[in-house]
Amino acid sequence: MSQRTVEIMDTTLRDGEQTSGVSFSSSEKLTLAKLLLEELKVDRIEVASARVSDGEFNAVKNITEWADSEGYLDKVEVLTFVDKGVSLEWMEQAGAKVQNLLTKGSLNHLTHQLKKTPEQHFKDIAAVVSLATDKGITTNVYLEDWSNGMRNSPDYVFEYLDFLTQQPVKRILLPDTLGVLTHDETFEFLNKIITRYPNNHFDFHGHNDYDLSVANVMEALKAGCHGLHLTVNGMGERAGNAPLASVVAVINDFLPQINIGVKESSLYKVSKLVSTFTGFGIPDNKPIVGDNVFTQTAGIHADGDNKKNLYFNNLLPERFGRKRKYALGKTSGKANIQKNLQELGLTLNDEELKKVTERIIELGDKKERVTKDDLPFIISDVLDSELHQQRVFVKSYVLTHSKGLKPSTTLSIEIDGKEYEENAQGDGQFDAFINALRKVYRKEKIELPKLVDYAVRIPPGSSSDALCETIITWQTPEKDFTTRGLDSDQTVSAIKATEKMLNLF
Ligand SMILES: CC(=O)SCCNC(=O)CCNC(=O)[C@H](O)C(C)(C)COP(=O)(O)OP(=O)(O)OC[C@H]1O[C@@H](n2cnc3c(N)ncnc32)[C@H](O)[C@@H]1OP(=O)(O)O
């Protein structure tokens with residue numbers, strides 16, 4: 001099959017920045033411009049709208065200086081307006097060489113926003129294009145609201161394109177400005193235009209208001225468009241633009257006739273960096289770049305992966321510099337846990353694995369999120385309990401903590417089959433618990449070990465908030481020893497460590 005090359009224009013720094021609440025600093029824009037062109041290898045970047053602010057001017061200047069030194073200046077584009085050359089002046093001073101001139105692609109916008117006739121508009125456009133040509137600036141032209149224009153005023157659109165295709169314009173940029181197109185219309189409209197003007201270059205610029213941007217991009221490509229406008233993480237005004245990572249994967253997997261130069265393995269890195277710079281979080285389930293999209297959660301899936309990679313598809317995480325993960329929770333099953341154990345280099349026998357699985361399911365039922373880093377702690381806790389025969393059981397307790405009153409505990413405990421109940425106050429809830437315990441043991445004339453050290457930690461590296469571990473060192477006249485308790489609640493983890501002590505000393 002013969003392939004055709006399609007240009008990828010990334011507009012994260014212009015349209016992506018139109019995400020509400022997002023603003024890149026000048027140095028962030030330069031960092032991203034370098035990453036997008038040099039590492040990710042998109043073909044072009046749109047870096048700002050002209051006239052916006054002094055900060056934007058400086059950002060564009062920094063980018064053009066760098067781009068000039070690296071031979072990328074023709075890949076750096078600035079959105080300009082039909083404003084008698086004011087925008088052109090701005091971008092020229094900022095060192096840019098390619099303008100994306102924003103014009104009206106629907107009669108509705110032309111009539112009601114610019115309040116001009118088509119003839120007046122075309123004349124104004126011709127003047128700006130001519131001025132740009134004189135200045136050695138390349139012109140691409142946006143037909144803003146083109147999609148509605150095709151629906152509601154096609155005669156205007158074609159009259160305009162008849163004029164525009166005669167102008168010294170390099171690319172014609174067709175935006176679905178309001179994200180209203182269906183995939184069928186995208187194909188139909190682009191097909192009509194590309195058939196009528198076979199010698200011109202047309203970019204498609206999709207928005208995601210109906211979550212159709214990627215489908216629309218596919219149809220635009222099938223209709224023969226020559227370039228695409230995309231943003232990292234689908235950032236952009238309202239529901240955003242067509243997302244770069246998804247589109248790249250779709251092209252590579254489903255449109256073998258299309259050739260693009262974007263490096264898949266850098267998509268995740270760029271996505272993370274943009275998210276860090278903007279504070280615009282990536283949903284966990286965002287295709288390709290979301291945290292969970294390469295995580296198998298169901299035990300059956302992990303089991304199938306073990307047997308013949310039965311649950312793999314073409315979207316292998318390694319393509320994007322990522323790794324498959326196996327989630328731990330109530331739907332894990334043994335297979336998921338085994339996968340995590342393998343990664344940690346741990347082995348358990350069948351009985352131990354069963355017990356660890358039961359504990360993870362128990363935590364999952366309590367809505368706790370367990371990660372791979374929690375696993376060694378859970379194993380140690382489960383296996384530790386198995387080592388000792390339990391003769392003391394903390395049956396129930398009430399812990400109170402209120403302003404102006406000392407914390408108190410009411411405790412019920414079983415020792416060698418006999419039940420005791422006590423209450424006490426303390427400096428904190430755990431102190432009150434220990435005081436109630438001492439009262440119980442004093443009745444039996446037994447002195448409890450002294451608590452000499454108390455440490456709390458969350459499993460290192462754990463990104464979950466599921467568990468904390470309390471490690472208590474106890475002292476008797478004969479020995480010092482340590483017990484550990486694991487729970488999502490800090491006081492409960494200390495009580496679990498104490499219960500272990502009661503069964504040991
Ligand atoms: C498809 C898109 O996403 S378009 C995005 C374009 N980029 C931006 O808008 C960047 C952010 N915008 C801005 O910072 C400002 O709007 C500026 C600097 C561009 C202009 O600011 P202001 O002069 O204060 O005008 P304002 O923001 O109200 O913009 C509306 C004016 O632009 C005019 N306008 C709208 N489209 C165009 C166009 N394609 N060419 C020229 N003028 C236009 C409007 O008619 C209106 O003019 P009027 O005030 O004479 O009626």
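In listed order, ligands and their atoms are each counted from 1.
- Judged as a side-chain contact (heavy atoms from CB on, under 4.5 Å), and not counting sequence neighbours, the contacts of E7 are D43, R44, R171, H201.
- More than 12 heavy atoms of other residues, nucleotides or ligands sit less than 6.0 Å from atom NE2 of H226.
- Within the structure, ring pair (Phe, Tyr, Trp, His ring centres under 6.0 Å) pairs that include any residue of residues 247-272 do not occur (at least two apart or interchain).
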Where does ligand 1 get N/O contacts under 3.5 Å from the protein, atom by atom?
| from | atom 1 | to | atom 2 | distance (Å) |
| --- | --- | --- | --- | --- |
| ligand 1 | 3 (O) | R14 | NH1 | 3.0 |
| ligand 1 | 3 (O) | Q18 | NE2 | 3.2 |
| ligand 1 | 7 (N) | S49 | OG | 3.0 |
| ligand 1 | 36 (N) | K104 | NZ | 3.2 |
| ligand 1 | 39 (N) | L102 | O | 2.7 |
| ligand 1 | 40 (N) | V82 | N | 3.1 |
| ligand 1 | 45 (O) | Q113 | O | 3.3 |

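- For residues 146-156, the pairs satisfying side-chain hydrogen bond (donor to acceptor under 3.5 Å, both in side chains) are D145-N148, S147-D176, R151-E185, with sequence neighbours left out.
- Between the NE2 atom of H205 and the OH atom of Y142 there is a distance of 5.0 Å, given to the nearest 0.5 Å.
- For Y160 and F122, the ring centers sit closer than 6.0 Å to each other.
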